[in-house]
Amino acid sequence: MNEKDIEHLIRSLGIGATYRGYWYLAYGISLCLKDEDYLLFVSKLLYPEIARYYCTTSCSVERNIRTVIKVCWERGNRKLLQEIALHPMPIRPTSSEFFDILTAHLKQNDNSKLVV
């Protein structure tokens, strides 16, 4: 999976690169695609790793990720998010759920490219 696919998906959800969380989300998704353990320990493993890479704090990473999820939910492409989640979403997803949805979607698309 390349960075362009990840960034295309994030932009399709209505999240622009003007948000710091955009970059944190893109890097976090790439980590989750390489090692699914990050999805199990978002606060303990994923946020600290993103923070280390961007020379910031885990709290800052968490806050900025929550911001882009809120942007997606309130002003972005909520319909696309619900389509790729494969289930109804009556409330805004948590950060862990958001990472899981996007990672699973990208993996599924990558696998379907290999089969064809």
Side-chain angles (χ1 to χ4, degrees):
M1 184 63 48
N2 69 34
E3 290 177 29
K4 287 184 181 183
D5 292 333
I6 295 169
E7 291 183 24
H8 177 73
L9 176 59
I10 295 170
R11 286 183 181 278
S12 297
L13 291 168
I15 302 166
T18 56
Y19 293 97
R20 210 170 262 164
Y22 171 95
W23 300 105
Y24 297 166
L25 183 62
Y27 183 64
I29 291 169
S30 70
L31 291 173
C32 291
L33 287 168
K34 292 175 190 166
D35 184 357
E36 288 190 8
D37 282 348
Y38 284 112
L39 290 171
L40 299 172
F41 305 103
V42 172
S43 295
K44 299 275 185 195
L45 287 178
L46 185 60
Y47 291 160
E49 183 57 36
I50 296 169
R52 198 171 7 266
Y53 185 80
Y54 284 99
C55 300
T56 189
T57 65
S58 292
C59 292
S60 175
V61 170
E62 182 178 9
R63 181 181 63 248
N64 284 288
I65 296 288
R66 280 197 318 263
T67 298
V68 294
I69 293 170
K70 183 177 180 181
V71 166
C72 173
W73 189 255
E74 293 178 358
R75 298 187 306 243
N77 193 345
R78 188 190 302 190
K79 183 180 176 195
L80 175 61
L81 179 62
Q82 292 186 341
E83 284 175 18
I84 66 175
L86 304 176
H87 61 84
M89 298 180 71
I91 59 171
R92 183 171 66 211
T94 65
S95 299
S96 299
E97 291 169 331
F98 199 71
F99 274 106
D100 180 53
I101 291 165
L102 300 187
T103 301
H105 176 72
L106 288 165
K107 274 192 174 185
Q108 179 62 38
N109 281 356
D110 198 38
N111 288 339
S112 64
K113 288 178 188 176
L114 295 175
V115 174
V116 176

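- The minimum heavy-atom distance between Val68 and Ile15, with the atom names listed, is O-CD1, 3.6 Å.
- Scored by the salt bridge (charged side-chain N to carboxylate O under 4.0 Å, His left out) test, Arg78 finds no partners at all (sequence neighbours excluded).
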I'd like a table of donor-acceptor pairs (distance under 3.5 Å, sequence neighbours excluded) in which one partner is a side-chain atom from residues 88-97, with atom names and distances.
residue : atom : partner : partner atom : Å
Thr94   : OG1  : Glu97   : N            : 3.2
Thr94   : OG1  : Glu97   : OE1          : 3.4
Ser95   : OG   : Tyr47   : OH           : 3.1
Glu97   : OE1  : Thr94   : N            : 2.8

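- Pairing each heavy atom of Asp5 with each of Asn2, the nearest pair is N-OD1, 2.9 Å.
- Residues satisfying the salt bridge (charged side-chain N to carboxylate O under 4.0 Å, His left out) criterion with Arg52, sequence neighbours excluded, are Glu49.
- Between atom CD1 of residue Ile69 and atom CD of residue Glu74 there is a gap of 12.0 Å, rounded to the nearest 0.5 Å.
- Applying the side chain to side chain donor-acceptor pair (under 3.5 Å) rule to Asn64 yields the partners Ser60; only residues at least two apart in sequence or on another chain are considered.
- Here the side chains of Asp35 and Tyr38 are in contact, with some heavy-atom distance below 4.5 Å.
- For the atom pair Leu39 CG and Asp100 CG, the distance stands at 5.5 Å (nearest 0.5 Å).
- Closest approach of Gly28 to Ile50, counting heavy atoms only: CA-CD1, 3.7 Å.
- The NE2 atom of His8 sits 10.0 Å away from atom CG of Leu106, with the distance rounded to the nearest 0.5 Å.
- When the side chain to side chain donor-acceptor pair (under 3.5 Å) test is applied to Glu36, the partners found at least two apart in sequence or on another chain are Lys107.
- Across all non-hydrogen atoms, the minimal contact from Ala51 to Ser58 is CB-N, 3.6 Å.
- The stretch residues 19-34 participates, sequence neighbours left out, in these side chain to side chain donor-acceptor pair (under 3.5 Å) pairs: Glu7-Tyr22, Arg11-Tyr22, Tyr19-Arg75.
- Summarising the geometry of Cys32 relative to Thr103, their closest heavy-atom pair is CB-OG1, 3.5 Å, with the distance given to 0.1 Å.
- Nearest heavy atoms, Leu81 versus Cys72: CD2-SG, 4.0 Å.
- With a 4.5 Å cut-off on side-chain heavy atoms, Ile84 and Leu9 count as touching.
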Between Leu102 and Ile6, is a side chain to side chain contact (heavy atoms under 4.5 Å, CB included) present by the stated rule, with each step listed?
CA-CA 9 Å; Leu102 300 187; Ile6 295 169; over 6 Å; no
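- Considering only heavy atoms from C-beta on, Phe99 comes within 4.5 Å of Leu46 through its side chain.
- Side chain of Asn77 to backbone of Ser12: a donor-acceptor contact under 3.5 angstrom is found.
- To the nearest 0.5 Å, atoms CD1 (Ile29) and NE2 (His105) are separated by 10.5 Å.
- Leu45 has its side chain out of reach of Leu40: every pair of non-hydrogen atoms, C-beta onward, lies at least 4.5 Å apart.
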